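Beneath this line is the structure, given in structure tokens, with notes to follow.
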Amino acid sequence: MNLSLQGKTFVVMGVANKRSIAWGIARSLHAAGARLIFTYGRERTEKSVKQLVETLETNNSIILQCDVTSDEQIHTCFSKIKEEVGTIHGIAHCVAFANKEELSGEYLNVTREGFLLAQNISAYSLSAIAKEVKNLELMAEGGSFITLSYLGGERVMTNYNVMGVAKASLEASVKYLASNLGQYGIRVNSISAGPIRTLSAKGVSDFNTILKEVEEKSPLRRCTTPEEVGDTAVFLFSDMSRGITGENIHVDSGYHVIG
Ligand SMILES: CCCCCCc1ccc(Oc2ccc(Oc3cccc(O)n3)cc2)c(O)c1
């Protein structure tokens, strides 16, 4: 029993650039010997994903588009994966979005459209992907889903607003999906990452304030890195975490224990 992922294939969804948490996960999985498949949402992201993947010096990666708001694109993308590799051993779901205007000010001002958009992309997409994986029997040897959450889904964090409600929905989905998929040897967990300066973080107002707060108040007195999240992903994808499902692991320098 070890942390090696040799001979295993994983799908990493949501790499945007070299600062993405998804890219930190990809690098750790690659170092553990995994074969990787990447999906991206927006057309313009394809170029930067391709350039990043070339730095991994492997020739067996696959890069596909998958707009998670489209059931048809999810079906097409995962059918292609089934054709290409037959079986996968895990999916890292690192996909979320909310309208920038709803990530500042009062949550009370949330719109129906903005609420549903955040839920659609950031929460429902995990269930839609899990349903497709089950229907295509893509994880026939068992497997593991990982998604990314944040403390703002458990308690109020200023400016996180509509994304906090989406993450609460995502974390509850993790438990219900874990309940349904455990009998097929498929585990479902989330990593609640501390704030990291990514492209997505640019959408959250006053992000620097929370970064400083974490550096000053977290037990480890420092911010989280994509590498730390990546290494926890290797653990959650490996047999070393075979007894863990429906769990939310905080990789946040311990900040969540501080009032
Ligand atoms: C008070 C919260 C400060 C710490 C926020 C940590 C964090 C940073 C980034 C996170 O991911 C997203 C993803 C999309 C997102 O929506 C965006 C991002 C950029 C532009 C835009 O129009 N929407 C907002 C945050 C996330 O879920 C959590």
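All heavy atoms count here, side chains included; hydrogens, waters and symmetry mates do not. Ligands are counted one by one from 1 in listed order, and the atoms in each one are counted from 1 as well. These figures come from a predicted structure and were not determined experimentally.
Proximity of F97 to ligand 1, defined as any heavy-atom pair under 4.0 Å, is shared by backbone and side chain alike. At a heavy-atom distance under 4.0 Å, no atom of I196 approaches ligand 1.
Nearest protein heavy-atom neighbour of atom 15 (C) of ligand 1: M163 CE, 3.6 Å. Looking at atom 1 (C) of ligand 1, its nearest protein heavy atom turns out to be T158 O, 3.0 Å. Atom 18 (C) of ligand 1 has its closest protein heavy atom at S200 O, 3.3 Å. Distance from atom 20 (C) of ligand 1 to its nearest protein heavy atom, with residue and atom name: G203 CA, 3.8 Å. Atom 14 (C) of ligand 1 has its closest protein heavy atom at A96 O, 3.5 Å. The single protein non-hydrogen atom nearest to atom 26 (C) of ligand 1 is Y160 OH, 3.4 Å, given as residue, atom name and distance.
Counting atoms of ligand 1 from 1 in the listed order, those under 4.0 Å from a heavy atom of L103 are 16 (O), 24 (C). The atoms of ligand 1 that sit less than 4.0 Å from any heavy atom of K100 are 22 (O). Of all atoms in ligand 1, numbered sequentially from 1 with element shown, those under 4.0 Å from a heavy atom of A98 are 16 (O), 17 (C), 21 (C), 22 (O), 23 (N).
Between E228 and R222 a salt bridge is recorded (basic side-chain N to carboxylate O distance below 4.0 Å). Taking the charged nitrogens against the carboxylate oxygens, D239 and K8 do have a contact shorter than 4.0 Å, which makes a salt bridge. Here E216 pairs with K212 in a salt bridge; the nearest charged N to carboxylate O distance falls below 4.0 Å. Ion pair K80/E84 not flagged as a salt bridge, since none of the NZ, NE, NH1 or NH2 atoms sits closer than 4.0 Å to an Asp/Glu carboxylate oxygen.
Using a 4.5 Å cut-off between side-chain heavy atoms of Ile, Leu, Val, Met, Phe, Trp and Tyr, with links allowed through other members, I121 and M13 fall into the same hydrophobic cluster. Residues I91 and L29 do not share a hydrophobic cluster, clusters being chains of Ile/Leu/Val/Met/Phe/Trp/Tyr side chains in contact below 4.5 Å. I244 and L5 fall within a single hydrophobic cluster, where Ile, Leu, Val, Met, Phe, Trp and Tyr are joined by side-chain heavy atoms under 4.5 Å apart, directly or via other members.
Between N99 and ligand 1, no pair of N/O atoms sits closer than 3.5 Å.
In this structure a side-chain-to-backbone donor-acceptor pair under 3.5 Å is missing from N189 to I146.
Taking 4.0 Å as the cut-off, K202 does not count as a neighbour of ligand 1 on heavy-atom distance. At least one heavy atom of I210 sits less than 4.0 Å from an atom of ligand 1.
Separation of atoms CZ (F10) and CZ (R35) is listed at 12.5 Å; rounding is to 0.5 Å.
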